[in-house]
Protein chains: 2
Amino acid sequence: MSAGRTARDKARHELTQEIKDAARRELATEGAHQLSLRAVARALGMVSSALYRYFPSRDDLLTALIIDAYNALGEAVERADQGATPAERWRNACTAVRTWALAHRHEYALIYGSPVPGYQAPQTTVAPAVRAPTVLLGIAHAAGAPDSGLPENLREQLNGVLGAVAVELPTGAMARVMIAWTQLFGMVSFELFGQLVGSADPADEFFGYAVDRMAEFVGVA
Amino acid sequence: MSAGRTARDKARHELTQEIKDAARRELATEGAHQLSLRAVARALGMVSSALYRYFPSRDDLLTALIIDAYNALGEAVERADQGATPAERWRNACTAVRTWALAHRHEYALIYGSPVPGYQAPQTTVAPAVRAPTVLLGIAHAAGAPDSGLPENLREQLNGVLGAVAVELPTGAMARVMIAWTQLFGMVSFELFGQLVGSADPADEFFGYAVDRMAEFVGVA
DNA sequence: TCACAAACGAGAGCACTGCTCTCGCCATCC
DNA sequence: GGATGGCGAGAGCAGTGCTCTCGTTTGTGA
C-alpha cells in the first residue's frame, strides 16, 4: 500500500500500474479470455518473462484487474447515490451500474461473467465486490424499507450477513434488496451478453421500468 | 437433420455426436474456455486435424454445444411445468432452471456466462434459447396475469416480441415476466459463479423465497 | 462394373500461448 | 566498496487452434 521511497520501489509501483493499464486496454479490445501476457508485454515494449517480476501468473494479473473493476464499479455507484428522495437515489444508483457496465463491458464480464475456470477468487475480492450492493442496502435503510415475512432459516442466515456489512435494516427488507440486486445484475448481464437481442433491445425503456418496479418491491418508493 | 442412409452418413452422424459428448465431458472437468480440440480428439483416439472434418472450428463446436445446452435446459423446464395451480407450476419451472444449472454448471456458464470473445451467437441459437422463458410466459397466461401500466414505447416494443413467440398475454404481464426471468437468471448465476458466497450460500432458502415473491409480482399466485 | 470424385484420418508444420530458467546488469543496503 | 537481490532479455518447453498435404476408403453415375 505504501508508495515506497526508493527509486526502485517507485518504478516498480508505476510499472505495475502501467501493466494493468495496458492489460485493461487489451481487455477492452480482445476480451478476458484472450488476454495474452505476451501481447501486454509487447504493448509495453518489454519481453513476456519480465512481466512475471510483477505478476506471478496470468491469473494474478486477472485478479488485480478484477479488484480494480469491483472498486471502479463500486465507486461509480457510490458517486451516483444522490437525489432528493430515496426513489431517486435508487434509480440513480441502479442506472450507474448499467452505465458503468455498458462503458466497460469486458471488465463487467470479468467480474460478473462466468468465472475463469480453475480460478478461485481470493478473499481480497469480497470487500470491493460488496461496495455496490451495499449502496442499495443503504438506500433501503434511508427509505425505511419495511420488514416482511421470512422463513426462519433464511432470516437467521441473512441476519449473519447484515451483521457483517454493518447496515441496520430489517432482515425482510434485506432479502428484498438481494432479490432486486440479482434482478439488476441479471438484466444488465442479459443486455450485455446479448440475451435480450430480439426482445427488449435496446433496453433503455425496459431497464427504467424494471428499476422502478423493483424500487416499489423493496419499499423505496 | 435427416438421419442419412449410407453407411458413411451414419458414421458421420454418430461420430459428430461422439465428438460432442466427449467435448461435453471435457467441458465438465475443464470449463468452457480451456476446452481443447486436441484434448477432445485425444479422448476419441483420433488426431486433432480430423476433428475439422466435423466442426470447421472450435467456435462451431462450441455453438453446437450451446444449442444442445439450450435445448436441454428448455426440455427440463418444459418437463417440470406441472402442478395443480399456476403457482405450483411456476415454482416447479423455476426450480428446474436452478436444478439443471447446478447439475450442468459448465454448460450453464456456456450459455449464460460471458460470451466467448469474438464469438457471435448465430441465429440458430435463438429458438432453443427461448424455450425456457416461454414456459414462464405460458404459466403467466394460464394464471390470467393482469396487465399493468407501461410506458408507451416499451409497450410497443414488447408487443412485437409477444407476436413473435405467439403467446397471448397482456403486455404488462409480459414485462413483469421478463423482470422475473432476469431475476431468476441473475440469482442462479450469482449462486453458480460464487457471488453469493458469504451471504445467501447455500441458497436453497433464498431461492425458494425469491421464486415465490416473483410469482406474486407477476400475478401467478 | 468400373472409374472418378468426394470424404476421410494421419501427420507435419505455423504462429501463438503461459510459464520456467539462466544469464548478465545495476540499484540498494550493510 | 562489496555482497545481495531485483531486474530485463533471451532461449526453451509443452501446449494450443488451425492449415495443408498425402494416401486411403467410400459412394455414385456412366
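On a predicted model such as this, the values are computed, not experimentally measured, just so you know. Order of the sequence lines fixes the chain letters, A, B, ..., with proteins taken first and strands second; residue numbering starts at 1 for each chain.
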Enumerate the residue pairs fulfilling salt bridge (charged side-chain N to carboxylate O under 4.0 Å, His left out) with a member in residues 96-106 of chain A, sequence neighbours excluded, ordered by first and then second residue.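 The answer is A:Arg98-A:Glu191, A:Arg98-A:Asp204.
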Mind jotting down which residue pairs meet the salt bridge (charged side-chain N to carboxylate O under 4.0 Å, His left out) criterion with at least one end in residues 179-189 of chain B? Sequence neighbours excluded, please.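 Every candidate salt bridge (charged side-chain N to carboxylate O under 4.0 Å, His left out) pair involving residues 179-189 of chain B fails, so no pair, neighbours aside, qualifies.
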Which residues pass the side chain to side chain donor-acceptor pair (under 3.5 Å) test with [X], not counting sequence neighbours?
{"X": "B:Thr171", "result": "B:Asn159"}
{"X": "B:Ser57", "result": "B:Asp60"}
{"X": "A:Asn153", "result": "B:Glu205"}
{"X": "A:Tyr52", "result": "none"}

Quick check for you: name the first and last nucleotides of DNA chain D, 5' to 3', having an atom under 4.0 Å from a heavy atom of chain A.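 With heavy atoms of chain A under 4.0 Å away, the range is D:dG5 to D:dG12.
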With sequence neighbours left out, write down each residue that passes salt bridge (charged side-chain N to carboxylate O under 4.0 Å, His left out) with B:Glu18, or none if nothing qualifies.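 For B:Glu18, no residue satisfies salt bridge (charged side-chain N to carboxylate O under 4.0 Å, His left out) once neighbours in sequence are set aside.
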Go nucleotide by nucleotide along DNA chain C from the 5' end; which of B:Arg38 and B:Arg12 gets its closest nucleotide reached first?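 Closest to the 5' end, via its nearest nucleotide, is B:Arg12.
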Rounded to whole angstrom units, what separation is found between the [atom1] atom of [X] and the [atom2] atom of [N]?
{"X": "A:Leu37", "N": "C:dC19", "atom1": "CG", "atom2": "C1'", "result": "9 Å"}
{"X": "A:Tyr52", "N": "C:dT22", "atom1": "OH", "atom2": "C1'", "result": "16 Å"}
{"X": "A:Leu61", "N": "C:dT17", "atom1": "CG", "atom2": "P", "result": "14 Å"}
{"X": "B:Glu18", "N": "C:dG9", "atom1": "CD", "atom2": "C1'", "result": "15 Å"}
{"X": "A:Tyr54", "N": "C:dC19", "atom1": "OH", "atom2": "C1'", "result": "18 Å"}
{"X": "A:Leu62", "N": "C:dG18", "atom1": "CG", "atom2": "C1'", "result": "12 Å"}

Suppose we screen for side-chain contact (heavy atoms from CB on, under 4.5 Å). Which residues come up paired with A:Glu107, at least two apart in sequence or across chains?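 With neighbours one apart ignored, the set is A:Arg24, A:Leu27, A:Ala69, A:Trp100, A:His104.
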Residues within residues 42-50 of chain B bordering DNA chain D, heavy-atom distance below 4.0 Å: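 Output list: B:Arg42, B:Ser48, B:Ser49.
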Is B:Leu51 touching bases, backbone alone, or none of the nucleic acid, heavy atoms closer than 4.0 Å?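 Contact class for B:Leu51: none.
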Applying ring pair (Phe, Tyr, Trp, His ring centres under 6.0 Å), name anything that partners A:Phe185, two or more places apart in sequence or on another chain.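 Ring pair (Phe, Tyr, Trp, His ring centres under 6.0 Å) list for A:Phe185, sorted by chain: A:Tyr112, B:Phe190.
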What is the distance from atom CG of A:Leu162 to atom CG of A:Leu169, rounded to the nearest 0.5 Å?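 One gets 6.0 Å once the value is rounded to the nearest 0.5 Å.
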Per-nucleotide protein contact string for nucleotides 25-30 of chain C, where B marks a base within reach and S marks sugar-phosphate only (heavy atoms under 4.0 Å, - for neither): -BBSS-
Find out whether the Lys NZ or Arg CZ of A:Arg131 is both under 6.0 angstrom from the six-membered ring centre of A:Tyr70 and within 45° of the ring's axis.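 No, cation not above the ring by the 6.0 Å, 45° rule.
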